[in-house]
Every structure is written in C-alpha cells, then in structure tokens.
Amino acid sequence: MDWDEGPEVGGESGPYFQMERLSIYKEWAERLISQKKAYRCYCTKEVLDQQRQALKAKDPKANFRYPRTCRDRTDQPDAPYVVRFATPTEGSVTYVDKVFGEVTTPNHAQQDFVLIRSDGVPLYNFGAVVDDASMGITLVARGRDHMVNTPPQIMLYEALGSKLPEFAHLPMMLAPSGEKLGKRHGTVSVTEYRDQGYSPAGVLNYLVRFGWSHGDQEVFSIPQLIEAFNWEACGKGDGKFDSKKFLAIQHEHLKSQALTADKEYGERVTTFLGARGLHTLSKSDVQNAIFTVRERSRTFVEAADGLDFYFRDPPTMDASAQSKFLTSANASNLRSLAATLEPVSTWTEQELDSRVHAWLAERQLQIKDIAQPARVALTGRTASPGLFQVMFVLGKARSLERLAHGASLGESALHAMPHKG
RNA sequence: GGCCCCAUCGUCUAGCGGUUAGGACACUGGCCUCUCACGUCGGUAACAUGGGUUCAAGUCCCAUUGGGGUCACCA
C-alpha cells in the first residue's frame, strides 16, 4: 500500500501518533461535554465490574449496561473520571454500507460508551472518529467485525458536527474449519508469506479475489485489480481460506512474465538462493536460467530449489538417483554422449537436440535410454527441466564436465555393486 | 442471551424471474511427453428447509434452521 500521508511520509494532517494527539481528543471531548452530549463519569472500573459480575451471577444471560449513574450529576468531585457519550435511548441509526446496503441498528442496543479513559487516552471509537474527522477521511473500509462500531461512530460524527465518511465493510476470511482465522491455523500474516516465497502481487490477487469477483477472471495484475475493483461486486458472505487455491494463484503469477517480470523474479529468487548458501551469483546467470523453472515453480522458494543445481558445483547428488541411473551399464553411453557433444560450437537447445538425436539414431537408442542417466549426471536429480534446456543454461564446459563425472561415478559403481546384481 | 450480518459444487465464485445452473481451485479419466511440470480434452460435484408472490423462483417476500460478528476505562 502506498500512503498519501502518515508518520512515515509526513503530510499536513499530523501529528499522526495517538499520544501526540491527546490534547486534540481532550478538546473535542470538552466541546461535547459543554453541549451536554457527553459527561464526566466518576464510577470506578472496580465498582462497574462488581455490578457486572453481580448481574451475571443472577442471570448468566443478562446484558450488563452502564446504568448511567453519572449522566445527570451536576457536581464535579475531585476524582478521576472518564468521559462518556450521552447515547440517545430512542430511535435508531441507519447507514448505507457500500457492500451490505442499508443497515439499521436501534439505539437501545447502545450504551453510554466511554470516549476517554481516566488517563486521558481515547478509546478506539472516539479516537478513530476524531482522527478521521480531523484528517478529512472520506471512506472507511474495514472488516465486517467492525460493523457494530459504525452506529456509535456515526452518532459521534453527528454530535461533533462533522461530515460522515462512506462506510464499506468486507466479509471475513475464516479458517478452513469455519472458525475465526488465527495464529493456530498456520500462516496468517502477509510478511510470513513473503518469507515463504510468495509473490506480493499474487498474494494481493488471492486476497482481493476472495469476496469479490469480476466475471470469470481469476488472475489479475495489480494495475488490473485497481482498474477493475468495485464495491458492488463484493460478496457479503464470509469465506474459508483455501491454501491450495492460494498456491495455484501464486503459480499463475510466477508462470507469467507479464505478471512477474524476469527482473523481479531474479531479484526475489536470488534472496532465496542466498538462503541456500548460494551467494555471489551473477545477475545475468540467474536471469538466463529463470525460463527453465517458471512453469514448475509455485513460489520463489520452489524456484530457488529448482535453480539450485545450476549454481552448485558439483550439484547435490541424490543418492538413490545416483545408484539407480549412474550405473556401469550407463557409463559408456554418458561417455559417448559427452564425446559427441565435444565438437559442438553453437551451444543452443536446437543444436543440442539435433546432435543428440543423430547420435541416438546412430547407436539405435531411444531418448528414454539416456535421458534419466544424463539428467542425474547433469542435475543430481531425477526431475528437472528439459535436458537440452539444462545443458544450454549450464553451458558447454560444465555440461561435458558433469556428463564425464557422471560416467566415472557409474564406472566406479561397477566395483561397489556386484552383490546387488 | 441482546443487537447486527450472512447462506449456489468440498473451496472461491458467476447468476441480478424463464439457464442443459457457468468459471476457477481441489479430486479424477485420456492425450502430449526425456523426468518433473506445463499444456490440452473429458468426468464427478451445488441452489439449507418450509411457506408464500408469480403463468414462471437459485433469483422477490416471510418464517425456520444453520453459520458468523459484537457486546471493556482493547483495537
């Protein structure tokens, strides 16, 4: 999110920190008191808590409300006090939510809520309204859990004589189980997803598309999101988080150059390559390898894993892959393949493809016969991008070197393997 | 419990009186294929229930049920 103004970027509506605005809240509250729209309450928290508990003891389902003890008192004892709002007992508040439409709440559901604590710090509803009113906020968009705060806040705007902002409440994202999403349901903060290699635009895409729709379109760039978003197409029902779909959206973003340009892809994946101990990589080397992992990586962490063998010499060798494919039987083919590629001067995918196929035809072999052994020699793994892509990215020298090394591992396996048959 | 809000495939959703109820993820069958993927063709799968209104209801109204939010000198 980009801020128009605020503590980090400055602006005209400061100060922005609540503790620096205390005098403002006090001033606005005093105005309300002088207009009899608010009053000083000297009831202590302890007394109120007692009353609350006493009522609960008598009737567990009862609803405790501040009994308005101090509402009409005229004296001003020398004692700590809170400022309470004199809530109307009759009538109701109606507002038009940009998502939910008209919402009406009866005033008898409210109580004389506290505006300012005895230590001078405002409570949320009052602080938010004073801040928004004094800073010229025109739209309040927040989660549905704030919907109950809206009527009291509207009362405050009106009591303060301030212009009402628009309100938009959004449905909530629940855990897959249907309960409120929380820490115990795994990752819930966007910064943690960044650390797990998720694309920021992909995260935004999933989040915005959750509870909002634009026809059948599922994948959006950030500019497209800004262009297409509208309150009318927001749903009203709560939803459940789906990590699989989230990952699928990530995949779409990492696959597409339009959504994640090579430059960004390279920068992000480089930090995860660094986390794997692969430092001092050349930017262009990383850039040149990206195209081979794009469609196989859903996150930058997966991409870093897929890119690892390009930058590690020798590549980490998977033990079972080695014993299965780098055998004495395959060693001679690997040697022969390396020898065939030795004279190749134009080291391109296309050239490698035709050279290898010519060699296969000559030796009456299928690509299947050599693919896995060569793959393991080249990458240390049984799953990788296409062979010719891998060799192209690796370059001639390192490709031949790895092929030869794979062959010698196979030859030495001759001595280690006899009892295995 | 009071007040408020919500309800279409397992999940995210399209639908705004007449649809074979569409798409995506997931699951699944085939094709493609040097592995893993990608891609591609197909399949399973939903209108919570009951009343109305109407020639006609997933779409409008009411009730029920179910789910969620919130009830502080927290935010």
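Throughout, a chain's letter reflects where its sequence line sits, starting with A, and its residues are numbered from 1. Just so you know, these numbers come straight off a predicted model, no measurement behind them.
No hydrogens or angles considered: a donor-acceptor pair under 3.5 Å links the side chains of A:Ser189 and A:Glu192.
Side chain of A:Gln372, nearest nucleotide from B:A75, B:U13, B:U35: B:U35. Distance from the side chain of A:Gln111 is smallest to B:C71 among B:U13, B:C71, B:C3. The A:His146 side chain lies nearest to B:A75 when the options are B:C36, B:A75, B:C34.
Residue-level contact check: A:Ser213 touches the backbone only, with heavy atoms under 4.0 Å from sugar-phosphate atoms and none from bases. Among the heavy atoms of the strands, none lies under 4.0 Å from A:Gly143. Heavy atoms of A:Leu123 sit under 4.0 angstrom from primed sugar atoms or phosphate atoms, though from no base atom. At a threshold of 4.0 angstrom between heavy atoms, the contacts of A:Thr105 are confined to the sugar-phosphate backbone, with no base atom among them. Residue A:Pro176 is out of contact with every strand shown, counting any heavy-atom pair closer than 4.0 Å. Across all strands, A:Phe388 comes closer than 4.0 Å to base atoms (heavy-atom distances).
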Close N/O contacts between protein and nucleotides 60-67 of chain B (under 3.5 Å):
none

Readout for nucleotides 20-33 of chain B: B = base within 4.0 Å of protein heavy atom, S = sugar-phosphate only, - = neither; 5' to 3' it is --BBBSS-------

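Across all strands shown, B:G39 forms a Watson-Crick or G-U wobble pair with B:C31, both key distances being under 3.5 Å. Base pairing of B:U54: no nucleotide in any strand meets the Watson-Crick or G-U wobble criterion (both distances under 3.5 Å). In this structure B:U19 sits in no base pair that meets the Watson-Crick or G-U test at under 3.5 Å. Pair assignment for B:U65 gives B:A7, based on Watson-Crick or G-U wobble hydrogen-bonding distances that are each under 3.5 Å.
Atom NE2 in A:His108 sits 8.0 Å away from atom CZ in A:Arg65 (nearest 0.5 Å).
Judged by a 6.0 Å distance limit and a 45° cone about the ring axis, A:Arg71 is not positioned over the six-membered ring of A:Tyr39. Judged by the 6.0 Å and 45° rule, A:Arg84 forms a cation-pi pair with A:Tyr66.
In terms of phosphate contacts, A:Lys180 brings a side-chain nitrogen or oxygen within less than 4.0 Å of OP1 or OP2 of B:U70.
For A:Phe229 and A:Trp212, the distance between ring centers is under 6.0 angstrom.
The minimum heavy-atom distance between A:Arg363 and A:Ser336, with the atom names listed, is NH1-OG, 3.1 Å.
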